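Working notes for the structure below.
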Amino acid sequence: MFAEVIVDVKSSNTDRVYTYRIPEGMDLKVGMRVLVPFRNRFVEGYVVSITDKASYSIERIKSIYKGLDSYSVFNEKMIELAKWMRDYYKCYFSEAFQTIMPVGIKQGEKKVKVVTIKLDEISEESFKKAPKQYEILNYLKKRSPIRLSELVKVLNIDYGVIKTLEKKGYIEVYEEEVLRFGIKDIERSKPLVLTEEQKKAVDEVKRSLLMNRSDKYLLFGVTGSGKTEVYLQLIEEAIKMGKSAIVLVPEISLTPQTIERFVSRFGSRVAVIHSGLSPGERFDEWRKVKNELVDVVVGVRNAVFAPFENLGLIIIDEEHETTYKQSDLRPKYNAKEVAEKRCEIEKAVLVMASATPSLETYYKANKGEYKLLRLTKRISVSMPRIEVVNMSEELAKGNNSIFSRKLFSYIQENLKKKEQTILFLNRRGYSSFVSCRDCGYVPKCPNCDISLTYHFENKKLVCHYCGYEEPMKETCPKCGSKRIRYMGIGTERVENDIKKFFPNARVLRMDVDTTRKKGSHEKIFYEFKSGKADILIGTQMISKGFDIPNVTLVGVILADITLNLPDFRSSERTFQLLTQVAGRAGRGEKPGRVVIQTYEEDHYSIITAKDQDYVKFYNEEIKYREIFRYPPFSHLMNIVISGENEEKVKNAAANTYLACQKIINKLQNKSYNKILGPAPAPLSKINNRYRWQVIIKGEDRSTLEEIAEKVQNMKYPKDIRISLDIDPLNIM
Ligand code: ADP
Ligand code: ZN
Ligand code: ZN
């Protein structure tokens, strides 16, 4: 018998199946990992099929050296998924397999030392001279067996005593295989009586589940409309049918409260996967799924690969979140697309949910590709009052501080009332756009409709998509004002000004600088929640998951920063962000207020966010997408060319551009394709490497895939690296 094996050698000419002989007596199954001889060494491989026919001359076929698992790591469906990922994201087979399997699998199971007591009777008398030994034995009488590490910690003892007790035969210490991360069962919650809208949603999805149809749904529900209760009851239905479920949530919302909502309904039959787990702990969660010890997995992006055999349902909460896309590592997959594919393969139902769906998703729902389910009403919390302040008018009235008079007086009132305030400022180092402080005008690229970025060195305004540039303007072309300048305030500035104006206020700041240490995010959050500060200043980190009843005021210091990111999605991001930020105010009994400060009060993102009208926002935004042919009317591919020598990088970028041009010309297909650039990337230098980019807009994804394959196989100078992303969510 022979096995078709994918080897873990990352190069394009080894990215195919190799045939190996299965040694006599080896119990090999499809989906196992093996060690195989490959070009004078041993490499890991993945068995994708077993056959009795060899594909080429039998004498030359080598034998598998040994198996690495006693079970199949991948079933046939997951192998199909891996193959799809390879083709769709243009990565190697082995990269796809390594993405699907848990990192900790290489370390294997963990064994821990466990202690049990062997004495029946312990008389205090006989331990008079050894009180510590007595204490330990007494404790063990109640709590045996127990992990050695726990015992040592609880009673603060050293191993010497344990050794002594073991030698005397009073206790036994042995190794046991454990699952590292266990869920404590908590008090159960009962299903709530559903509202009319919730019930309609549950009933419809339930029908798809019953009929094993791989239907796709968009659950479009305003914040607080009870989406989570819908998830819970759908999962319950799935379990009743003998199926299992995966719930994907953004890392930032995977809080203890979120986990609790699932555990209180389904008890210990829930596994949780988040990025705080060690590789070993991840592997344990994975094994719980594999061994059918759980029915539900709640987790981040890669939980989409949970190895259920009987998957019935995948739910994607906050589907518009960009963290579902893996942007840093290969393959640059999007868990949303993977979920779609997996549901097709497994005949499972997909439910994507959001209060502010991504344009692409809502577009597909409108076209009928996804079925639309709506929750239009909030269950309990009322919406805060949202006010927009035009900062140009503030300036005209002689107020040139970063706080409008309105926000200033609201902060003052809140301090007096002892209610809490959140001040929000989206700050990104590179986003240095230019704006007129009198009329709000922002220079944009005539080709790409994104804000031009100011370059200090040569005083030029540059488009990061297509490379268009123009000199920095001295006067505003719209109103003639001389107060046209680049915007650059940060959270630190806000903190300083708050301290200046309100010296008695207790202030916390949460941004990348104050949250570098592990756990500092939680620490600041709990400090603020417990009322140890009056004002919290922060970046987009604080836009989600903050559910604090005493927060009654949210101030957005400058909405324009998000609005003018050099990104075609900047309007969409602004709407989403303002909606989320607004949701932070007035979560308790007291009503909330939101003040949005901006120089562009007439921008549709601001107007529709103020009215909380997603559909109106969508109808405006989709027009721009169509005019400029951005997604959903095209696919983008971003090719980043990097290296230490700027000239070489520039040359390589120019060559890439030409190569792409050639490929497109040769294809001669009739669909729309356009190559932008080469241009310096928004993050133009990282780790001493210069970065340039070429962006391709194409109507057919297949064209981009073809270009991707060719570009990845192009010859470049030694130091030059090419990184490529199809359907990127961030172009930086
Ligand atoms: P969303 O996920 O849409 O933001 P949640 O699921 O958090 O909304 O629901 C908001 C609040 O309403 C929660 O406290 C939840 O327990 C409550 N809730 C949801 N559905 C119901 C219902 N049918 N009856 C009563 N309360 C509900
Ligand atoms: Zn102006
Ligand atoms: Zn441009």
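Predicted, not measured: the structure shown is a model, and the values here were computed from it. When a ligand or atom number is given, it counts from 1 through the structure's own listing order.
In this structure, SG of Cys463 and SG of Cys445 enclose an angle of 110° at the Zn ion (ligand 3), rounded to 10°. With the Zn ion (ligand 2) as the vertex, SG of Cys436 and SG of Cys476 span 110° to the nearest 10°. Rounding to 10°, one obtains 110° for the angle at the Zn ion (ligand 2) between SG (Cys479) and SG (Cys439). Angle SG (Cys448) to the Zn ion (ligand 3) to SG (Cys466): 110°, rounded to 10°.
Lys697 forms no cation-pi arrangement with Tyr672, by the criterion of a distance under 6.0 Å to the ring centre and an angle within 45° of the ring axis.
Counting heavy atoms closer than 4.0 Å to ligand 1, residue Glu318 contributes nothing at all. Under 4.0 Å from ligand 1, not a single heavy atom of Leu375 appears.
Ile675 pairs with exactly one of Thr656, Ile696, Ile707 by the side-chain contact (heavy atoms from CB on, under 4.5 Å) rule, that one being Ile696.
Under a 4.0 Å criterion applied to the non-hydrogen atoms of Thr195, ligand 1 contributes the atoms 23 (N). Annotation for ligand 1: atoms under 4.0 Å from non-hydrogen atoms of Val222 are 3 (O). Listed by number with element, the atoms of ligand 1 under 4.0 Å from a non-hydrogen atom of Val193 are 22 (C), 23 (N), 24 (N). Near Thr228, with a cut-off below 4.0 Å to any heavy atom, the atoms of ligand 1 are 2 (O), 6 (O). Atom numbering of ligand 1 starts at 1 in the shown order; those under 4.0 Å from a heavy atom of Ser225 are 1 (P), 3 (O), 8 (O). Proximity to Leu194 (heavy-atom distance under 4.0 Å) selects the following atoms of ligand 1: 23 (N).
Between the Gln576 side chain and the His320 main chain, no donor and acceptor come within less than 3.5 Å of each other. When atom types are taken as modelled, the side chain of Lys478 and the backbone of Tyr441 share no donor-acceptor pair closer than 3.5 angstrom. Under the 3.5 Å distance criterion, the side-chain polar atoms of Lys216 are left unmatched by any main-chain donor or acceptor of Glu340.
Considering backbone and side-chain atoms together, Ile379 places no N or O closer than 3.5 Å to any N or O of ligand 1. Ligand 1 has no N or O atom lying under 3.5 Å from any N or O atom of Leu192, backbone or side chain.
A salt bridge links Lys240 with Glu237: at least one charged nitrogen is closer than 4.0 Å to a carboxylate oxygen.
Distances shorter than 4.0 angstrom occur between a heavy atom of Gly224 and an atom of ligand 1. Ligand 1 does not have Asp317 within reach: every non-hydrogen atom of the residue lies 4.0 Å or more from it.
In the model, Ser189 has a side-chain atom that pairs as donor or acceptor with a side-chain atom of Arg265 under 3.5 Å. A donor-acceptor contact under 3.5 angstrom links the side chains of Asp560 and Thr598, judged on distance only. Under 3.5 Å, the side chains of Glu229 and Gln233 contain a donor-acceptor pair of N or O atoms.
With ring centers used as reference points, Phe617 lies 6.0 Å or more from Tyr362.
Between Asn390 atom CG and Glu600 atom CD the span is 10.0 Å, to the nearest 0.5 Å.
Here the shortest heavy-atom distance to atom 13 (C) of ligand 1, taken over Gln198, Arg261, Glu229, belongs to Arg261.
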